[in-house]
There are 2 protein chains.
Amino acid sequence: MIETKLTNKNKSVSIRRDAPTVMIGERINPTGRKEVLAALEAGDFESVRRDALAQVEAGATVLDINAGVPGADETILLEKIIREVMSVTDVPLCIDTANPKALEAALKFYEGKPLVNSVNGEEKSLEAVLPLVKEYGAAVIGLCIDSHGIPASPEERLAVAEKIIGRAAQLGIPIEDIVIDPLAMAMSADHKAGWVTLETIKLIVQEFGVNVTMGASNVSFGLPDRKYVNAAYIAMAIQAGLTCPITNPLVTEISAAVLAADMALGKDEFSMRWIKAYRKRNKGAGEKR
Amino acid sequence: MIETKLTNKNKSVSIRRDAPTVMIGERINPTGRKEVLAALEAGDFESVRRDALAQVEAGATVLDINAGVPGADETILLEKIIREVMSVTDVPLCIDTANPKALEAALKFYEGKPLVNSVNGEEKSLEAVLPLVKEYGAAVIGLCIDSHGIPASPEERLAVAEKIIGRAAQLGIPIEDIVIDPLAMAMSADHKAGWVTLETIKLIVQEFGVNVTMGASNVSFGLPDRKYVNAAYIAMAIQAGLTCPITNPLVTEISAAVLAADMALGKDEFSMRWIKAYRKRNKGAGEKR
C-alpha cells in the first residue's frame, strides 16, 4: 500500500488509500477572495491565521498555502504567510505556487516534508520543479496537463501522469512522493467532465496505486446549490480512489460527505469519527461559512 | 442494455443504467410513521394522497405502496390505498407486501405493469410470489436474503440473486423484470455494512447487468445527521450501479445527491435536470420534510 508521508516540525500526516481521507484546506488563497486579497495587500495576516485555525478545527490535516497576489513579491509574501500559519498551527503544508524562486525559498526554510503544488507534464515545469522536489525531499502534486492542454480522455490524462512519475523516478523521487491530480473541470461547461475525472482516478489507481488529489469543487463551477454537487461528487471521487482532496472543510456538506464516504468504505469503525465530527459541528465548529 | 419497463394506465417509466436514476418514493408506508398509521386506522386517506403528490412533485417517478397496518385486513387496505393514490397521480406503483393474497388482489385490478416488492431466496417466497409475477406480467424486486438470513459477503449475496434470477427464468420471467436489492444495513452496527452493499451492487452489475434498488437510508440507521450520510451513500451506490433507489425525495440532500450523481456520471446534459430541480426547490417544492 503506497503511503505519502508529509511532515511539519512536530506533526506528521500519512496519506494512504486504506486510511481515512486527508482533507487539504484550500482557503488560504487570495485568488477570487477579495477580502483576503485586500488584507494581504494591507499587510494584515489576521484572516490568514483565522483561516488556518478554522480549517484545522473543521478537519483539515494539511493546509494549502497560495500567495498569488498580483504585483506582490511572491517569494516574500509566501514565506510570510507560511510563517504566520506555522505560528498558529503545526499541520504539514502544501506549498502552492507556479514560481520556482518562491518555491525554493519556501522549501529552504520549511522544517519537514511539505507537499509541492504542483508540477505538470510540460518540459518547462518538469525541469524547474522536480529537481527542487528531489533536493529538498518533498512530495509533489502532478497535474494531468501538458503543453497540449488538458487531455479530453482518461487514457490521455493517465499518460501525462505516467510521464510525470517516470521523470520523477529518473531523478530518484520515489512513486509514493507523487500525488496525481486528474483535474476536475466544470460539468456545466461539459456534461462529461465529472465522469472523465472519475474514470481518470480509477485508471491511475489501477495503474500506479498512487495517492490522488484534486480541487474537488471545480466540478460545480457555474451551477446553483454548489454545496450539494460538491458533496455528492467528493464522495464518488473518494469511492473511485481520491485520497487527499483540496477542499473547503468549513462547508458542512463537504466535510460530512468526506466522513460519510470513509464510513461507507468501511474506514470508520463504530462510526467514531462521524459522531465526533457531529458533536463538534453542534458546538458550532464546522458550521462557519 | 437491460431495461425494466413499469407502467400505469397512462404513464410508463423506463429503468436503465444509461438513463437518469429513477426515485421510488418510500413514504406511503405506515411502518414507523405513527401519524400515517393513525390516519389509516381512522380511514382517513388525506395524508396518503398528500404523500403521493408531494413525492411526485419532488421527483419520484414510481411510488412504493405499503399497507402494513397491524390488525387491519391488508388485502382491503392495500387496494384502498392504491386506488386513493391513483386518484391523484398516474405514476407506476411498487406494490409492497409480504402477503400473497393482498398482492394477488392488487395485481388483479392494477391496470399496467407494477413492480412487486418483493421476493427473496427462500423456497416459500419463490413459490408464492414468482408465479403471480409471471401470471400478471409484473416486474419484481429480488432481495439478497434466504433461509440462512442476510449473507455476510458480496459473493454470497450475489449467489442469492443468481438463484432468484434462475428460478424466475424457469417460469419464463425475463431477466429485465428482476430488480435486485443487495440489502443496505446499518453502518453503526457493522462498519463494513456500507462497503459490503456497494461491492454487492458492483458484482450484480458485472454478472447480470440487471437493475438494482435498495432502501438506501438504512445505512444511516442509528447515526446523527442521517441526511448527510444518506446523500453521500446514495451517490456512491449510484456510481456502483444502483438504478432505482427506494428513498424519500422530500429530503433535499437526498434528491439533490441523486441528481448530482447522475450529472457526475454524464447523464445530465447542460445540467438541465439539476437547474430545473433547483428552481423547483426554490419555489418551495422539495423543501418539505
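Labels below follow one simple rule: chain letters A, B, ... track the order of the sequence lines, proteins then strands, and each chain is numbered from 1.
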Which bit of [X] comes within less than 4.5 Å of chain A, counting heavy atoms only: side chain, backbone, both or neither?
X        : answer
B:Leu198 : side chain
B:Val219 : neither
B:Ala231 : neither

* Would you call A:Ile238 and B:Met236 a side-chain contact if the rule is heavy atoms closer than 4.5 Å? ->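 Result no, sub-4.5 Å side-chain heavy-atom pair not found.
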
* Hey, does A:Thr252 have a side-chain heavy atom less than 4.5 Å from the side chain of B:Tyr228? ->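 In short, these two side chains touch, coming nearer than 4.5 Å.
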
* To do: Please indicate whether B:Glu162 has more than 12 foreign heavy atoms, meaning atoms of other residues, nucleotides or ligands, lying under 6.0 Å from its CD.
  =>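 Counting neighbours around CD of B:Glu162, 12 or fewer heavy atoms of other residues, nucleotides or ligands fall under 6.0 Å, so no.
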
* Has B:Phe221 got more than 12 heavy atoms of other residues, nucleotides or ligands less than 6.0 Å from its CZ? ->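 Not more than 12 within 6.0 Å, no.
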
* Quick one: of A:Val229, A:Leu259, A:Asn230, who has the most non-hydrogen atom pairs under 4.5 Å with chain B? ->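 The residue among A:Val229, A:Leu259, A:Asn230 with the greatest pair count is A:Val229.
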
* Asked: Tell me, side chain or backbone of A:Tyr233 under 4.5 Å from chain B's heavy atoms, or both, or neither?
  ->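 Only the side chain of A:Tyr233 comes within 4.5 Å of chain B.
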
* Counting distance only, does the side-chain N/O of B:Trp274 pair as donor-acceptor with the main-chain N or O of A:Pro224 below 3.5 Å? ->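 Yes; judged by distance alone, with no hydrogens or angles, the pair exists.
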
* Asked: When rounded to the nearest 0.5 angstrom, what is the spacing between CG in A:Asp190 and CZ in B:Phe270?
  ->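 Those atoms lie 10.0 Å apart.
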
* To do: Would you give the length of the straight line joining atom CG of A:Leu265 to atom NZ of B:Lys192, rounded to the nearest 0.5 angstrom?
  =>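 Here the interatomic distance stands at 9.0 Å.
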
Compare every heavy atom of [Y] with every heavy atom of [X], then report the nearest pair and how far apart it is.
X        : Y        : value
A:Gln239 : B:Ala240 : NE2-CB, 4.1 Å
A:Asp268 : B:His191 : O-CB, 3.8 Å
B:Met187 : A:Ala264 : SD-CA, 3.7 Å

* **Pair A:Leu223-B:Met263, side-chain contact (heavy atoms from CB on, under 4.5 Å): steps then yes or no** => CA-CA 11 Å; A:Leu223 294 173; B:Met263 187 159 51; 3.7 Å; yes

